Amino acid sequence: MSLRYFVFVAVLLALMTACASSPTSTPDVKSIPPTNTPENPQPTPTSPETGEQGGEAPVSPLDPIPGEEKMVRGGVFIDSADVLLLESFPVQVTLKITGNLPTPCHTLRAKVSEPNENREIHVELYSLTDPGAICIQVLQPFETTIPLGSYESGEYTIYVNREEVGKVDL
């Protein structure tokens, strides 16, 4: 064997070793799963002040999260929003939304308004993140179902972040 071949193999091995991924810790993903099931359990939240575990984990983007007032508000990227009517009495209106959060460190949040005089229901969808968190800069996919409630008979228009996503006739 020639010396050139040996040097080539040594350099190739050094490059492969340098490029090999080593196990590193990943940031906590705070996106909210659509349901709390045995296949998809939710972690027990910790108090930001004491660090103690306890309490119920949020199961809806409408539920408050510990330390929310100290977090920074961000946007969300919505791919689809579907209005669903549940077969119940009274009929329950829900909103199924899929999209992406700006990073895995963002937490999905939603505010649902009561219908106004024009029978419009406005949903504000946004994200929250800890301003001191160090996070990988990749989109975090999410899918969630937001309960809107039940309403008296009539036609309602539903908006998410000021864009019409559907009409329902109850």
Side-chain angles (χ1 to χ4, degrees), residues 8-84 93-114 120-149 157-167:
F8 174 75
V9 170
V11 169
L12 184 61
L13 285 173
L15 286 174
M16 289 174 51
T17 304
C19 293
S21 63
S22 62
T24 59
S25 63
T26 58
D28 291 336
V29 176
K30 297 182 181 178
S31 63
I32 300 172
T35 57
N36 189 11
T37 64
E39 300 83 31
N40 193 13
Q42 294 187 7
T44 305
T46 56
S47 168
E49 289 81 23
T50 64
E52 296 177 2
Q53 289 192 342
E56 290 295 315
V59 294
S60 165
L62 302 175
D63 293 341
I65 55 174
E68 189 171 293
E69 65 280 350
K70 297 176 186 174
M71 299 181 112
V72 175
R73 189 173 170 144
V76 296
F77 307 102
I78 299 171
D79 294 332
S80 68
D82 298 311
V83 179
L84 305 172
V93 181
T94 62
L95 192 58
K96 181 179 177 185
I97 300 177
T98 59
N100 290 285
L101 297 170
T103 70
C105 295
H106 281 75
T107 303
L108 181 64
R109 307 301 299 135
K111 288 185 182 177
V112 178
S113 71
E114 292 294 320
E120 297 173 340
I121 302 168
H122 291 269
V123 178
E124 184 181 4
L125 205 61
Y126 59 98
S127 64
L128 293 176
T129 188
D130 178 357
I134 297 173
C135 194
I136 187 167
Q137 298 299 301
V138 297
L139 295 176
Q140 176 66 39
F142 73 87
E143 179 179 289
T144 191
T145 301
I146 301 171
L148 301 181
T157 306
I158 300 169
Y159 295 86
V160 175
N161 293 350
R162 299 185 184 141
E163 289 191 32
E164 183 179 327
V165 296
K167 293 184 181 208

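Just so you know, these numbers come straight off a predicted model, no measurement behind them.
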Spacing of E143 atom CD and T98 atom OG1 [to the nearest 0.5 Å]
6.5 Å
Residue pair D63 / E68: nearest heavy atoms and the distance that separates them
O-OE1, 4.5 Å
Looking at L125, is its backbone amide N or carbonyl O close enough to the side chain of N161 to form a donor-acceptor pair, meaning the two atoms are under 3.5 Å apart?
yes
Give, for atom CG of L101 and atom OH of Y126, the distance between the pair rounded to the nearest 0.5 Å.
13.0 Å
Using modelled atom types only, decide if a donor and an acceptor are shared between the side chain of T94 and the backbone of T145 within a distance under 3.5 Å.
no
I'd like to know if the side chain of S127 reaches the main chain of G75, judged simply by a donor and an acceptor atom lying under 3.5 Å from each other, with no hydrogens or angles considered.
yes
Counting C-beta onward and ignoring hydrogens, is there a side-chain heavy-atom pair between C105 and D130 closer than 4.5 Å?
no
Using 0.5 Å steps for rounding, measure from the NE2 atom of H122 to the CZ atom of R162.
9.5 Å
Can you give me the closest heavy-atom contact between F142 and N100, atom names plus distance?
CE2-N, 3.3 Å
How many angstroms lie between atom CG of L148 and atom CG of L84, to the nearest 0.5 angstrom?
9.5 Å
Smallest separation among heavy atoms of P131 and V72, with atom names:
CB-CG2, 3.5 Å
In Å, rounded to the nearest 0.5 Å, how long is the span from CG of L95 to CD1 of I121?
9.5 Å
In this structure, CD1 of I97 is separated from CD1 of I146 (nearest 0.5 Å) by 4.0 Å
Note: L139 and F77 closest approach over all heavy atoms is CD2-CE1, 3.6 Å
Given side chains that start at C-beta, do those of V93 and I158 come closer than 4.5 Å, heavy atoms only?
yes
Which atom of Y159 lies closest to which atom of E120, heavy atoms considered:
OH-OE2, 3.6 Å
Counting only N and O atoms by type, is there a donor-acceptor contact under 3.5 Å from the side chain of Q137 to the main-chain atoms of C135?
yes
